[in-house]
Amino acid sequence: MCGIAGWADLARPSTGMRDRVQRMNDAMASRGPDGDGIWSGPHAVLGHRRLAVLDPAHGQQPFVFTDDSDEPVVALTYSGEVYNHRELRDELERRGHKFRTGTDTEVVLHAYLEWGVDSVSRLNGMYAFAIWDHLRGRLVLVRDRLGVKPLHYTRRGAGLLFASEPKGLFASGLVRPSVSTDGLRDFLASVHTPGQSLFQGVHEVRPGTVVILDAIGVREQRYWQLEARPHHEGVGATVTHVADLLQDITERHIQADVPLGALLSGGLDSSALVALGQRAAHRGGRPLRTFSVDFTGNAGHFAGTSLRSTPDAPFVRDVATRCGVEHHDIVLDSAELTDPRHRRAVVTAKDAPALGDMDTSLYLLFRAVRERTTVVLSGESADEVFGGYPWFHDPDRVHADDHPWRYFTGHSGTYQALLRDDVTTGLGIAAHREAHYRQALGEVPRLAGETDDRMRRMMYLHLTSWLPHLLDRKDRLSMAVGLEVRVPFCDHRLVEYAFNTPWAHHTFDGREKSLLRAAVAPLLPASVIGRTKAPYPVTHDPAYHRAITDQARDLLATPSAPVWTLLEPERLRDRLDRPGTDHATRSGIDFALNLDLWLRTTQPQ
């Protein structure tokens with residue numbers, strides 16, 4: 001998994017770069033607790049933090065390939081996992097390449113030596129890496145197709161600084177953590193503009209994109225994007241195809257030389273991966289550990305809603321019993337969830353405001369899981385791939401001329417209601433969201449003669465503008481504790497196939513995620529197959545609301561708090577004085593607390 005950093009500039013020698021890259025490396029130590037390394041060339045310095053997953057005894061980075069005179073040819077700093085590395089290794093060995101480790105990192109380096117930049121189209125996995133090509137005099141930055149692994153960069157004179165996280169760039173001392181107006185608009189509008197970050201001058205490498213720095217300058221090169229293709233298979237053949245893909249994907253994702261586990265909520269997505277993963281792991285003679293999260297007080301205070309009618313625990317038990325896994329319940333209490341130290345850890349991990357107890361509990365879950373294992377599977381992105389969200393099945397939302405998830409997210413309503421009027425007017429959030437939506441619609445691929453593309457638009461918007469939030473959240477909070485989380489449903493082969501499957505196939509049984517349900521039905525208990533979609537759980541303990549209310553009153557008693565440059569204090573006070581503990585009220589309070597904490601480390605412009 002790991003973290004990467006570096007600085008390259010063809011117009012200046014690397015003298016003085018090494019110390020700054022070392023500081024960048026150190027700022028991301030949690031991403032790689034198993035080691036770090038620095039490599040210096042004439043015009044570039046590469047840094048690496050290692051989380052050892054494959055061949056732990058070897059594979060220290062950066063990797064360097066030298067010629068017969070021991071001069072560097074190519075240097076690589078790499079983060080992630082390439083799941084088809086064994087097939088690529090076999091092909092490269094047939095072409096004469098020699099390997100000295102069992103890592104996928106070395107395979108990526110030799111693939112570049114053999115095929116150049118075109119090698120990235122051969123990779124299947126989640127990855128972000130940087131290659132300094134000494135012979136061609138260029139830096140190559142690469143990010144995986146769906147953007148599972150993060151990679152940020154900024155211009156510095158004629159060169160580039162890059163890092164897995166913005167905090168790595170800030171640690172160089174050459175980049176200020178100043179909030180970008182457009183980045184803030186994205187955050188408050190609950191959209192994602194590819195290539196843009198929350199910070200001024202800090203860019204993301206776009207998913208499926210290569211960024212090249214050479215004598216010509218800096219340029220982007222797309223190597224993958226969603227395409228519209230005809231689908232000729234009937235429902236039965238489609239279900240079989242999905243089942244076969246999932247089996248192959250899961251078998252690739254359980255490759256690791258360290259303890260392996262899976263997150264289990266008792267929902268269809270995670271349960272499917274547990275069943276498939278346990279079957280594959282059992283054949284390999286390895287145990288699969290599973291982990292679920294719950295909260296003290298939920299048994300007595302749980303209240304069903306339109307989005308979540310049942311708690312997770314009974315379904316978790318059914319899956320664990322059926323699959324015979326080694327299961328662990330991680331139970332969190334309100335004191336942990338509201339501890340300011342944990343809130344600060346989450347904001348620091350994300351380089352962004354946190355989303356209340358959903359983020360804090362996920363961080364604490366990952367921290368507890370890391371004590372027992374190094375790698376876990378997660379069902380993230382199944383809803384985007386198979387159309388699982390309720391609004392995919394709500395005609396009003398399907399036909400609405402707006403982002404389909406808007407009514408669900410606090411960003412687009414609850415949070416904005418707390419903003420000062422001058423901030424709302426100045427940011428122009430509604431106009432920004434509209435412009436983003438129109439631009440995204442213009443990018444949706446379509447088949448010739450396609451007359452009704454509403455569901456294709458829904459799928460595209462979720463995969464390109466909604467999913468990035470979730471993947472970034474998962475990566476940041478897991479890597480903050482040195483845990484690798486793999487997301488099998490992001491395999492690009494599955495994404496491409498599902499994106500081009502007719503919506504009638506996706507709902508052939510009259511329910512959400514029909515294809516996934518049918519593909520894994522023989523492996524799961526009937527209770528899970530019949531369960532409706534349920535979102536990530538939250539605490540129902542009244543102690544949580546009382547604690548954040550007290551913290552918010554302390555914030556209101558601090559007129560100099562940076563959050564008041566954006567929020568109206570009386571609007572927050574009104575929330576605190578409302579009776580009850582509904583989700584909107586709690587989300588607003590959490591938002592104010594997290595926004596203030598984040599702003600204390602940034603400088604809005």
Side-chain angles (χ1 to χ4, degrees), residues 2-25 32 35-50 54-55 58-80 82 85 88-89 92-93 95-120 122-123 127-142 151 153 156-164 168 172 205 210-218 221:
C2 313
I4 65 174
W7 185 3
D9 192 332
L10 293 168
R12 57 167 291 171
S14 61
T15 306
M17 291 183 181
R18 188 181 181 95
D19 288 344
R20 293 189 185 273
V21 173
Q22 183 65 63
R23 293 201 292 271
M24 295 164 70
N25 241 20
D36 70 311
I38 299 285
W39 173 85
S40 298
H43 296 284
V45 176
L46 306 183
H48 187 263
R49 297 291 320 197
R50 188 183 188 208
L54 293 176
D55 194 358
H58 305 96
Q60 289 74 19
Q61 295 190 47
F63 252 93
V64 182
F65 183 84
T66 59
D67 60 19
D68 293 338
S69 59
D70 209 32
E71 287 297 312
V73 176
V74 171
L76 166 70
T77 182
Y78 165 87
S79 168
V82 168
H85 68 97
L88 289 172
R89 179 187 294 265
L92 288 164
E93 286 179 334
R95 291 171 176 264
H97 291 259
K98 306 295 184 183
F99 292 88
R100 53 190 173 84
T101 76
T103 65
D104 56 336
T105 306
E106 192 177 11
V107 172
V108 171
L109 184 145
H110 281 268
Y112 178 83
L113 290 169
E114 180 68 30
W115 297 297
V117 172
D118 290 342
S119 62
V120 299
R122 297 172 179 262
L123 307 181
Y127 45 81
F129 58 87
I131 290 176
W132 174 251
D133 188 331
H134 182 69
L135 296 182
R136 296 180 178 87
R138 69 183 182 186
L139 175 72
V140 180
L141 303 180
V142 180
L151 184 54
Y153 69 95
R156 178 69 180 178
L160 287 182
L161 282 85
F162 64 88
S164 295
S172 72
V205 176
V210 175
V211 173
I212 299 174
L213 167 71
D214 58 15
I216 299 173
V218 178
Q221 178 179 317

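- Taken from CD in E114 to CZ in R122, the straight-line distance is 8.0 Å, to the nearest 0.5 Å.
- Formation of a donor-acceptor pair under 3.5 Å by the Q60 side chain with backbone atoms of G37 is not found in this model.
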Exercise for review: Begin from the C-alpha positions of V21 and I38 and carry the test side-chain contact (heavy atoms from CB on, under 4.5 Å) through to its verdict.
Suggested key: CA-CA 8 Å; V21 173; I38 299 285; 3.8 Å; yes
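- Remark: F162 engages no residue in a ring-ring contact (aromatic ring centres under 6.0 Å, His included) (not counting sequence neighbours).
- Here the side chains of L92 and F99 are in contact, with some heavy-atom distance below 4.5 Å.
- Between the side chain of Q61 and the backbone N or O of Y78 there is at least one donor-acceptor pair closer than 3.5 Å.
- With contacts defined as side-chain heavy-atom distances shorter than 4.5 Å, the pair Y127/V142 qualifies.
- For T103 against L54, the heavy-atom pair with the smallest separation is CG2-O, 3.7 Å.
- Inter-residue side-chain proximity for V210 and V140 is flagged as met; some heavy-atom pair is nearer than 4.5 Å.
- The side-chain heavy atoms of I131 and V74, taken from C-beta on, include a pair separated by under 4.5 Å.
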Donor-acceptor contacts, no H, no angles, side chain residues 3-16, under 3.5 Å, sequence neighbours left out:
| residue | atom | partner | partner atom | Å |
| --- | --- | --- | --- | --- |
| D9 | OD1 | A11 | N | 2.8 |
| R12 | NH2 | T15 | O | 3.2 |
| S14 | OG | G41 | O | 2.5 |

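- Listed by chain and number, the residues in a ring-ring contact (aromatic ring centres under 6.0 Å, His included) with H85 amount to none (sequence neighbours excluded).
- Of all heavy-atom pairs spanning T101 and R89, the tightest one is O-NH1, 3.0 Å.
- When all heavy atoms are compared, the tightest approach of A130 to L141 is CB-CD2, 3.5 Å.
- Between R18 atom CZ and R23 atom CZ the span is 13.0 Å, to the nearest 0.5 Å.
- Seen from the ring of W132, R138 does not count as a face-on cation partner, given the 6.0 Å and 45° thresholds.
- When all heavy atoms are compared, the tightest approach of N25 to R49 is O-CD, 3.4 Å.
- Annotation: side chain of Y153 is in contact with side chain of V211 (closest heavy-atom distance under 4.5 Å).
- Scanning both residues, H48 and C2, for their nearest heavy atoms gives NE2-CB, 3.4 Å.
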Practice item. Applying ring-ring contact (aromatic ring centres under 6.0 Å, His included), run through F65 and H110 and close with a yes or a no. Key: CA-CA 9 Å; F65 183 84; H110 281 268; 5.7 Å; yes
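- For the atom pair CG (D133) and CD1 (I212), the distance works out to 10.0 Å, reported to the nearest 0.5 Å.
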Practice item. Could you check L76 against F129 for side-chain contact (heavy atoms from CB on, under 4.5 Å), going step by step and ending with a plain yes or no? Key: CA-CA 7 Å; L76 166 70; F129 58 87; 3.7 Å; yes
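- Closest approach of V64 to A75, counting heavy atoms only: CG2-CB, 4.1 Å.
- No side-chain heavy atom of R136 sits under 4.5 Å from any side-chain heavy atom of D214.
- The backbone N or O of G47 sits less than 3.5 Å from a side-chain atom of T77, completing a donor-acceptor pair.
- Between the side chains of R20 and S172, no donor N or O sits under 3.5 Å from an acceptor N or O.
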